[in-house]
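First the structure, in the form of structure tokens, and then the observations on it.
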Amino acid sequence: MPRDLASAEALLRDVFGFESFRPGQGEIVDAVTQGRDVLAIMPTGGGKSLCFQLPALVRPGLTVVISPLIALMRDQVRALREAGVAAGALTSGNTQDETDAVFDALHSGDLKLLYLAPERLASGGTARLLAEAGVSLIAVDEAHCVSQWGHDFRPDYLRIGALRRDLDVPVAAFTATADEETREEIVARLFGGGTPDVFLRGFDRPNIHLAFSPKDNPRKQILGFADARRGQPGIVYCGTRAKTETLAQALSQDGHVALAYHGGMDPERRRDVEARFAVEDGLIVVATVAFGMGVDKPDIRWVAHADLPKSIEAYYQEIGRSGRDGGPAETLTLYGPDDIRLRRSQIDEGLAPPERRIADHGRLNALLGLAEAQGCRRRVLLGYFGESPAADCGHCDLCDAPPETFDGTEAVRKALSAALRTGEN
Ligand code: ADP
Ligand code: MG
């Protein structure tokens, strides 16, 4: 894991009180922290604020945040202060005392985040103030407000381009509006002809086919899934190191090129597997969760889970490694009562404090809910991340074959429900 991301994760926990990044956040935080120009499109509720607030703490000096709504700014400033972060706002809603306090903090160099109403940019005083304040990043929230054709157009947003030129610092722009035209307009108006790194991560990855299956004969199930995708690069995730070795062996005996990968292997060997996976056609890596960060092969065609992941976030992240090129990708996640017991005991026997354990059980329960879903899985998955798709996806096992045909899973379902109830205590 890059050092930056490791310290980012510490801040995520210690300052913001979150256990893990939401999908997409980690990469954006990393890019913004490194001072790259960034345009990030994330769904509403996806956690965009964190993507500039956290980098602001890592970067030197001051981050200026342009935001269109006074209420929004005040909320964020209050939350940041409660978390112990030096933040302030300059808006028309300020009292004189508040404004004085912000100026004092600016002059003493204590402030990390300054929220600015865009109208403020019209004044020469603001420009001088910022020129002297040691600004190292401009964050633009609700960046679509710069689009003249959008319904949220705010003329003062057009001043941000000049601010960026004057200060000569990176810009990180955020919006939930994903249409192509708006994006082009944002890039043209905010980045002065430069090309930002664009992160377009709604939570939906429509090219990934979703499927779950109760464990019946897991080795046979995995071998069958791999056999149907012979010659295509894939990952098999396993719950234990030992299983990565035995499954890799079984796949090799079946004529695949399959390599085990886990945290117990020496670093050189691990790097070797990573390098081969990147360049060789059709390699299968059979891995624990240790295989992940830094795997950016775009054309992984399939991901199978030989064991249930530990949470819905982990599941999403792991299947999300497939099909990054937008091409077809297929996934299969096996689950059974033993997995659930194992995951529960891992949570209970871990050293995490009680509140964290409760949250971990919740994330596991959410995954079980997905495994046991009776209708479109993508609806359940996206629903967990706050999206509500207009229609069933037509691209998961339950859309392919309606649940009535799955009578055989009733016994497993009962066992799962029992295990689910146990975990609620
Ligand atoms: P957006 O600006 O994308 O609409 P926000 O930044 O307002 O989203 O975040 C939405 C909610 O998600 C907030 O309540 C925030 O505290 C929460 N949130 C953000 N990141 C995380 C995370 N990594 N883990 C848990 N909750 C998060
Ligand atoms: Mg927001």
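Note that ligands are numbered from 1 as they come in the structure, with each ligand's atoms numbered from 1 the same way.
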Completion exercise
Within 4.0 Å of some non-hydrogen atom of Gln25, the atoms of ligand 1 are 19 (C), 20 (N), 21 (C), 22 (C), 23 (N)
Exercise for the section: For Cys51 and ligand 1, answer yes if some heavy atom of the residue is under 4.0 Å from a ligand atom, otherwise no. Expected result: no
Exercise for the section: Using modelled atom types only, decide if a donor and an acceptor are shared between the side chain of Arg36 and the backbone of Ala31 within a distance under 3.5 Å. Expected result: no
Fill in the blank from the handout: If we number the atoms of ligand 1 from 1 as shown, the ones under 4.0 Å from a heavy atom of Ser20 are 22 (C), 23 (N), 24 (N)
Practice task
Identify which of Arg22, Arg13, Gln76 has a heavy atom lying nearest to atom 12 (O) of ligand 1.
Solution key: Arg22
Exercise for the section: Check the angle between the aromatic planes of Tyr315 and His305 and answer parallel, tilted or perpendicular using the 30° and 60° thresholds. Expected result: tilted
Practice task
Look at the side chain of Arg301 and the backbone N and O of Gly234, then say whether any donor-acceptor pair between them is shorter than 3.5 Å.
Solution key: no
Handout entry: Over all atoms of both residues, closest heavy-atom pair of Tyr316 and Leu381
Key = CD1-CD2, 3.9 Å
Practice task
Under 4.0 Å, heavy atoms only, figure out whether ligand 1 is touched by the backbone of Met42, its side chain, both or neither.
Solution key: neither
Exercise for the section: Go through the structure and list residues passing side chain to side chain contact (heavy atoms under 4.5 Å, CB included) with Ala105, not counting sequence neighbours. Expected result: Leu111
Problem - Under 3.5 Å: N/O of Gly47 near N/O of ligand 1 - result: yes
